[in-house]
Amino acid sequence: MTPLTRSFFARDAVVLARALVGTFVVVRGEEGVQVARITETEAYRGPTDLACHARVGLTKRTRTMFGPAGHAYVILIYGMYDCFNVVGGAKERGHAVLVRAVEPVTEVVGSTSGPGRLTRALGITRADNDADLTSAKSRVFIAPRTRRPRITITPRVGVAYAGEWALRPWRFSDADSTHVSRPSPKSIGLG
DNA sequence: GACCGGATTATG
DNA sequence: ATAATCCGGTCA
């Protein structure tokens with residue numbers, strides 16, 4: 001599989017999030033290559049988006065987000081789960097897309113529906129933070145989709161603290177895939 | 001240098 | 001419903 005090029009990623013996170021549904025995550029582990037198709041994403045649109053980590057500006061943690069598009073932004077949440085994001089944005093603006101679910105193409109052990117689950121199943125960790133997803137030499141990269149999925153659009157999950165930003169319809173999922181995450185009870189009833 | 005609270009999940 | 005579990009961001 002051939003990785004997508006930089007220009008694919010260097011776009012507004014909302015546009016990129018939608019375009020990433022149906023693309024393939026390729027992970028080159030020690031026991032071979034794992035491939036999974038992205039079925040659910042969320043856009044995080046830079047410093048002005050109060051749900052986005054970039055809202056605090058350029059820090060040690062967010063440095064990757066403000067770097068070049070097409071790199072991986074992997075962070076720890078709740079002390080125990082890694083989240084896999086893809087850096088977007090035309091001008092290193094702190095845009096990123098969270099990958100919330102994938103469906104296995106090759107054999108993958110464990111559930112891949114849910115941001116914390118897919119990283120565990122695919123073996124993606126913070127060690128992969130800042131990896132260049134446009135290079136076939138990277139341990140992790142992303143390859144083009146082979147068909148255009150039907151997309152379901154909903155508000156983002158788990159960002160109720162972000163006020164009106166939590167209502168933005170910036171979550172994109174494959175309408176025909178069963179491999180999507182279940183919204184946490186906390187996020188239900190937002191409006 | 002202490003404290004707070006998550007882009008979640010598993011279990012009761 | 002709630003515990004598990006770490007660290008970045010914030011304030012002192």
Side-chain angles (χ1 to χ4, degrees), chain A residues 9 12-21 25 36 38-67 69 71-89 93-104 108-131 133 140 142 151-174 178-191:
Chain A
F9 298 100
D12 185 289
V14 176
V15 176
L16 177 60
R18 181 169 187 149
L20 278 171
V21 177
V25 180
I38 294 176
T39 55
E40 182 180 338
T41 63
E42 278 178 2
Y44 287 86
R45 207 173 182 225
T48 56
D49 173 7
L50 296 185
C52 182
H53 288 170
R55 68 184 177 276
V56 298
L58 179 58
T59 65
K60 180 179 180 180
R61 183 201 204 187
T62 62
R63 180 176 46 84
T64 305
M65 288 187 84
F66 285 97
H71 283 240
Y73 172 54
V74 186
I75 49 91
L76 178 72
I77 54 170
Y78 298 116
M80 56 189 88
Y81 299 107
D82 289 303
C83 280
F84 174 55
N85 299 254
V86 177
V87 178
R93 290 284 190 190
H95 285 216
V97 174
L98 170 65
V99 178
R100 290 189 55 87
V102 301
E103 62 184 20
V108 174
V109 177
S111 170
T112 56
S113 301
R117 288 169 165 174
L118 74 92
T119 51
R120 190 178 55 189
L122 294 176
I124 296 173
T125 71
R126 280 166 290 161
D128 296 302
N129 184 44
D130 206 32
L133 300 172
V140 185
I142 296 183
I151 302 289
T152 297
I153 303 177
T154 54
R156 294 175 293 184
V157 171
V159 295
Y161 62 83
E164 62 177 305
W165 291 91
L167 305 178
R168 300 285 178 123
W170 287 352
R171 178 181 180 218
F172 303 89
S173 48
D174 183 330
T178 55
H179 292 263
V180 294
S181 75
R182 193 159 52 89
S184 64
K186 211 187 297 184
S187 70
I188 294 177
L190 277 182

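Values in this document were obtained by computation on a predicted structure and should not be read as measured data. Atom set for the values below is all heavy atoms of this structure, side chains included, hydrogens, waters and symmetry mates excluded.
- With sequence neighbours left out, the salt bridge (Lys or Arg N to Asp or Glu O under 4.0 Å) criterion links Glu42(A) to Arg100(A).
- Rounded to an integer number of Å, the gap from CD of Glu40(A) to P of dT8(B) is 10 Å.
- Regarding Arg156(A), its CZ atom lies at a distance of 11 Å from the P atom of dA7(B), rounded to whole Å.
- Closest heavy-atom contact between Asp128(A) and Ala72(A): O-CB, 3.6 Å.
- If you measure from atom CG of Leu50(A) to atom P of dG5(B), you get 17 Å, rounded to the nearest angstrom.
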## Note on the structure
Expected string for nucleotides 5-12 of chain C under the B/S/- scheme (protein heavy atoms, under 4.0 Å, primed atoms plus P, OP1, OP2 as sugar-phosphate) is BBSSSS--

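- Here the side chain of Thr41(A) pairs a donor or acceptor atom with the backbone of Ala17(A) at under 3.5 angstrom.
- In this model, no donor atom of one side chain and acceptor atom of the other lie less than 3.5 Å apart for Thr39(A) and Glu103(A).
- A salt bridge (charged side-chain N to carboxylate O under 4.0 Å, His left out) check over residues 78-88 of chain A, counting only residues at least two apart or in different chains, returns the pairs Asp82(A)-Arg126(A).
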Donor-acceptor pairs under 3.5 angstrom involving side-chain atoms of residues 46-58 of chain A: please list them, not counting sequence neighbours.
residue	atom	partner	partner atom	Å
Asp49(A)	OD1	Ala51(A)	N	3.0
Asp49(A)	OD1	Arg156(A)	NH2	3.1
Asp49(A)	OD2	Arg45(A)	N	3.0
Asp49(A)	OD2	Arg156(A)	NH1	2.7
His53(A)	ND1	Tyr73(A)	OH	2.9
Arg55(A)	NH1	Cys52(A)	O	3.0

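- dA7(B) atom P lies 11 Å from atom CE of Met65(A), rounded to whole Å.
- One interatomic measurement links the two molecules: CG of Asp82(A) to C1' of dA7(B), which rounds to 13 Å at whole-angstrom precision.
- Residue Tyr81(A) places none of its side-chain N or O atoms closer than 4.0 Å to OP1 or OP2 of dA4(C).
- In DNA chain B, runs of at least 3 stacked Watson-Crick or G-U pairs (N1-N3 plus N6-O4 or O6-N4, or N1-O2 plus O6-N3, all under 3.5 Å) give these stems: B:1-6 with C:6-11, B:8-11 with C:1-4.
- Judged by distance alone, with hydrogens and angles left aside, the side-chain atoms of His95(A) form a donor-acceptor pair with the main-chain N or O of Ala13(A) at under 3.5 Å.
- The residue Arg55(A) sits apart from the nucleic acid: no heavy atom pair falls under 4.0 Å.
- When the side-chain nitrogen and oxygen atoms of Arg120(A) are compared with OP1 and OP2 of dT9(B), none of them lie within a distance under 4.0 Å.
- Under the side-chain hydrogen bond (donor to acceptor under 3.5 Å, both in side chains) criterion, Ser113(A) pairs with no residue, sequence neighbours left out.
- Under a 3.5 Å cut-off, the side chain of Thr59(A) and the backbone N or O of Thr62(A) do form a donor-acceptor pair.
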